[in-house]
K.L.:
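First the structure, which I've put down as structure tokens, then a few questions once you've had a look.
Scope of the values below: all heavy atoms of this structure, side chains included, with no hydrogens, waters or symmetry mates. All residue numbers in this chain count up from 1 along the given sequence.
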Amino acid sequence: MSRRSKPVKRVPLADPVYNSVDVSKFINRIMRRGKKSLAERIFYTTLEAIKERTNQDPLEVFQKAMSNATPLLEVKARRIGGSTYQVPIEVKADRGFALSSSWIIEAAKKRSGKSFKDKLTNEIIDASNGQGAACKKREDTHKMAEANKAFAHYRY
């Protein structure tokens, strides 16, 4: 890794339907093997299903789900004097969004059901209500950070 300068953060273009960068990032996370049109179709049909089920603005439900699944703290392994400590550190906004989106997609894949659209719809609705596997993962991460609070002075 270069010590000279930090690379410029690349932000994807906003998606054409909702004009949101977060939606565009989430679609890119869903995408497999460069099939972006398929990922877009999956996500937009998921938002339509959310609108039918909850009778709310699907973008607001999505944003609430993302904020409920975003961790504030995480632990990072730090090696000091021959032993490894789990040091709690604060999560930056970009990393938090990346973690929450990957947790929601991962939890949706593990759900039982027929299509990924249905699984993703259920997971986003559950996450917006503060339930589901993605929110549980966030709580587990926070518990781990709380348990290792004694090593916070090793933070870098």
Side-chain angles (χ1 to χ4, degrees), residues 6-78 86-149 151-152 155:
K6 289 212 176 233
V8 178
K9 199 73 150 163
R10 289 186 296 169
V11 180
L13 296 172
D15 77 301
V17 177
Y18 293 99
N19 200 26
S20 169
V21 175
D22 289 345
V23 168
S24 180
K25 286 181 185 176
F26 196 82
I27 287 171
N28 288 343
R29 285 243 173 222
I30 293 173
M31 182 172 55
R32 292 275 168 238
R33 297 184 180 178
K35 301 194 178 228
K36 192 163 193 166
S37 60
L38 178 62
E40 286 175 342
R41 196 173 342 131
I42 288 170
F43 186 72
Y44 293 138
T45 54
T46 296
L47 289 187
E48 288 171 14
I50 288 171
K51 187 175 184 178
E52 288 174 14
R53 280 204 207 161
T54 61
N55 295 324
Q56 296 175 3
D57 180 29
L59 196 60
E60 287 179 15
V61 173
F62 170 70
Q63 294 290 350
K64 190 165 189 217
M66 292 304 291
S67 65
N68 285 350
T70 302
L72 303 173
L73 293 170
E74 69 176 340
V75 292
K76 199 169 190 179
R78 177 99 199 261
Q86 295 290 326
V87 180
I89 57 170
E90 291 181 12
V91 178
K92 293 181 182 171
D94 289 339
R95 171 112 173 112
F97 185 86
L99 284 172
S100 63
S101 60
S102 65
W103 288 347
I104 286 176
I105 292 167
E106 191 178 299
K109 284 180 183 175
K110 289 182 181 174
R111 276 181 175 255
S112 61
K114 284 196 171 184
S115 67
F116 183 66
K117 296 169 193 169
D118 297 335
K119 295 179 192 180
L120 187 60
T121 302
N122 292 334
E123 188 60 38
I124 289 175
I125 290 172
D126 283 352
S128 69
N129 294 330
Q131 302 167 336
C135 289
K136 186 180 182 321
K137 182 107 172 175
R138 174 185 186 247
E139 295 303 319
D140 292 345
T141 306
H142 281 199
K143 282 180 189 172
M144 179 83 89
E146 190 69 27
N148 291 301
K149 195 165 57 172
F151 305 122
R155 195 177 300 139

K.L.:
Does any non-hydrogen side-chain atom of Leu72 lie less than 4.5 Å from one of Glu90?
P.N.:
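Heavy-atom side-chain distance check fails, nothing below 4.5 Å.
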K.L.:
Side-chain donor-acceptor contacts of residues 54-64 below 3.5 Å, not counting sequence neighbours, with atom names and distances?
P.N.:
residue, atom, partner, partner atom, Å
Thr54, OG1, Ile50, O, 2.7
Thr54, OG1, Gln56, N, 3.4

K.L.:
Return the minimal non-hydrogen interatomic distance between Thr70 and Phe97, and the atom names on each side.
P.N.:
CG2-N, 4.3 Å
K.L.:
Looking only at heavy atoms, what is the nearest atom pair of Thr46 and Lys117, with distance?
P.N.:
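Smallest interatomic distance, heavy atoms only, reads OG1-O, 3.7 Å.
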K.L.:
With sequence neighbours left out, what residues match Arg111 under side chain to side chain donor-acceptor pair (under 3.5 Å)?
P.N.:
Glu123, Asp126
K.L.:
Can you see which heavy atom on Ser101 is nearest to which on Ala98, and at what distance?
P.N.:
OG-O, 3.0 Å
K.L.:
For the NZ atom of Lys119 and the NZ atom of Lys114, what is their distance to the nearest 0.5 Å?
P.N.:
12.0 Å
K.L.:
How many angstroms lie between OG in Ser37 and CD1 in Ile42, if you round to the nearest 0.5 Å?
P.N.:
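Rounded to the nearest 0.5 Å, the OG-CD1 separation comes out at 9.5 Å.
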K.L.:
Give a yes or no on whether a salt bridge exists between Lys149 and Glu146, defined as a side-chain N under 4.0 angstrom from a carboxylate O.
P.N.:
yes
K.L.:
Considering all heavy atoms of both residues, which atom of Glu74 and which atom of Thr141 are nearest to each other, and what is their separation?
P.N.:
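Minimum heavy-atom contact is CA-CG2, 3.8 Å.
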K.L.:
Closest heavy-atom contact between Trp103 and Lys137?
P.N.:
NE1-CE, 3.4 Å
K.L.:
Please tell me if the side chains of Ile104 and Arg29 come closer than 4.5 Å, counting only heavy atoms from C-beta onward.
P.N.:
no
K.L.:
Give every residue pair that meets the salt bridge (Lys or Arg N to Asp or Glu O under 4.0 Å) criterion with at least one member in residues 30-55, sequence neighbours excluded.
P.N.:
none
K.L.:
Whether the side chain of Asn68 engages the backbone of Ser128 through a donor-acceptor N/O pair (distance < 3.5 Å, no angle test) should be reported.
P.N.:
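Yes; judged by distance alone, with no hydrogens or angles, the pair exists.
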K.L.:
Quick one: does Met66's side chain get under 4.5 Å of Phe26's, heavy atoms only?
P.N.:
yes
K.L.:
Say you draw a straight line from NZ of Lys109 to CD1 of Ile30; how long is it, rounded to the nearest 0.5 Å?
P.N.:
9.5 Å
K.L.:
Which pair of non-hydrogen atoms, one from Pro71 and one from Gly96, has the smallest distance, and what is that distance?
P.N.:
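Minimum heavy-atom contact is CD-O, 4.0 Å.
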K.L.:
Is Ser24 reaching over with its side chain to a backbone N or O of Leu13, donor-acceptor style, under 3.5 angstrom?
P.N.:
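Yes: the side chain of Ser24 pairs with the backbone of Leu13.
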K.L.:
Measure the shortest side-chain to side-chain distance between Tyr44 and Ile27 over non-hydrogen atoms and say whether it is less than 4.5 angstrom.
P.N.:
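In contact.
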K.L.:
So does Ser20 get a backbone contact from the side chain of Asp15, meaning a donor-acceptor N/O pair under 3.5 Å?
P.N.:
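Yes, because the side chain of Asp15 sits within donor-acceptor range (under 3.5 Å) of the backbone of Ser20.
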K.L.:
Can you tell me how far the NZ atom of Lys110 sits from the CD1 atom of Ile105, to the nearest 0.5 Å?
P.N.:
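Spacing of NZ (Lys110) from CD1 (Ile105) equals 13.5 Å.
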